[in-house]
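Comments concern the structure below.
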Protein chains: 2
Amino acid sequence: MTESTAKWVQSGADPENACPVAPVVDIVFSRWTTPILWALHEYGRQRFVELERRIATITPKVLTQRLRQLERDGLVVRTYYPEVPPRVEYEISELGRSLAPLFAALAEWSVHLGEVERARVEYDSREPGRGR
Amino acid sequence: MTESTAKWVQSGADPENACPVAPVVDIVFSRWTTPILWALHEYGRQRFVELERRIATITPKVLTQRLRQLERDGLVVRTYYPEVPPRVEYEISELGRSLAPLFAALAEWSVHLGEVERARVEYDSREPGRGR
DNA sequence: GGTAGTAGGTACCTAGAGGAAAGTAATGGC
DNA sequence: GCCATTACTTTCCTCTAGGTACCTACTACC
């Protein structure tokens, strides 16, 4: 995935669909990245355990994986303090902050969630006996 | 996923993170939905095989699954013509079209893909021997 | 000596998403 | 009679993301 994403970035033509937003989705909306970025955006610079507690259902293994990925992509900055009990702090990078309008657009669209819910209810009610 | 999403929509408080954009991500950016919506947005109303050929690497089974999901969520409209060889046409619904600014924001952000690539190269080069 | 606390790493395992391939109904064309 | 076409469905299989549980180093504190 990392490899193929790199290819898309370079060639601009991915094999799957020629959909220009796919690489962005790959980077920003892979699993767990949204809550992590949101937590860092909302509550600022914080330590590993704080993130762990805030997200609650994430396991330390996966949190580490996602943070490494976000750090590699330049969206998050990790600072290590080699103290007595080790301390690490994470914060959003400037590149990460450039995602703000994107997240704002997402938040705005959430006004349509009610319509989605209504569509689902209606779909489920007329379900048995459609054209096939 | 469907069930828990419904809960979030109703309660407004998901167990995972209290991140308000999570339900939207769940609906709009689950796997394959981006290329499908993009294809329908770019090339308009089209048939199953057209979508299949356009996306190329998707299997019919998965394409059917995703289209059903998008139809249920009210983002796509399916029209069935009970003809001799059956014909089905898909198009974006009005609700689906309301995603346009969101996709525009995504496309805009893709100008930062170069920075991501640079961050990755740098991370991979300084890799061995960081603070841990 | 035992325990707590931080920030993970590691080994093992499972569930579920997704892929491959074949089947299906209905009919027109050769 | 046989093949092609459409829009799937079904069965089987694989693969990997993610979960569980335990381990690590280092020191302070009791």
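Note that this is a predicted model, so its numbers are computed, not measured. So you know, we letter chains A, B, ... as the sequences are listed, proteins then strands, and number each from 1.
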Any A:P86 side-chain heavy atom under 4.5 Å of A:Y80 side chain:
yes
Any carboxylate oxygen within less than 4.0 angstrom of a Lys/Arg side-chain nitrogen, looking at A:R118 and A:E122?
no
Quick test of your reading of the model: are B:R87 and B:E89 salt-bridged, counting only N-O distances below 4.0 Å?
yes
If every non-hydrogen atom of B:I36 is compared with every non-hydrogen atom of B:L67, which pair is closest and at what distance?
CG2-CD2, 3.9 Å
Residues that A:E91 engages under salt bridge (charged side-chain N to carboxylate O under 4.0 Å, His left out), provided they are two or more places apart:
A:R45
Measure the distance from [atom1] on [X] to [atom2] on [N] and round it to the nearest whole Å.
X     : N      : atom1 : atom2 : answer
A:Y81 : D:dA25 : OH    : C1'   : 21 Å
A:R31 : D:dG19 : CZ    : C1'   : 10 Å
A:R66 : D:dA17 : CZ    : P     : 8 Å
B:L51 : D:dC8  : CG    : P     : 10 Å
B:E52 : D:dT9  : CD    : C1'   : 13 Å
A:I36 : D:dG18 : CD1   : P     : 10 Å
A:D26 : D:dA17 : CG    : C1'   : 14 Å
A:Q65 : C:dG9  : CD    : P     : 9 Å

Which residue pairs satisfy the side-chain hydrogen bond (donor to acceptor under 3.5 Å, both in side chains) criterion with at least one member in residues 94-107 of chain B, sequence neighbours excluded?
A:W109-B:S98
Counting side-chain heavy atoms from CB outward, which of C:dG18, D:dC8, D:dG19 is closest to A:T59?
D:dG19
Taking D:dG19, D:dC8, C:dG18 as options, the one with an atom nearest any side-chain atom of A:V62 is D:dG19
Partner residues of A:F29 under the ring pair (Phe, Tyr, Trp, His ring centres under 6.0 Å) criterion, sequence neighbours left out
B:F29
Between the two ends of the helix from C:dG1-D:dC30 to C:dC30-D:dG1, what is the bend in degrees, rounded to 10 degrees, where each end axis spans five pairs?
30°
Angle between ring planes, A:W38 versus A:F103, binned at 30° and 60°: parallel, tilted or perpendicular?
parallel
Extract from the structure each pairing of a protein N or O with an N or O of nucleotides 4-7 of chain C at less than 3.5 Å, listing the distance.
from	atom 1	to	atom 2	distance (Å)
C:dT6	O3'	A:R47	NH2	3.0
C:dT6	O3'	A:P86	O	2.8
C:dA7	OP1	A:R47	NE	3.1
C:dA7	OP1	A:R47	NH2	3.0
C:dA7	OP1	A:V88	N	3.0

Any donor-acceptor pair under 3.5 Å joining the side chain of A:K61 to the base of C:dG9?
no
Set of residues satisfying side chain to side chain contact (heavy atoms under 4.5 Å, CB included) with respect to B:A105, sequence neighbours excluded:
A:L102, A:A105
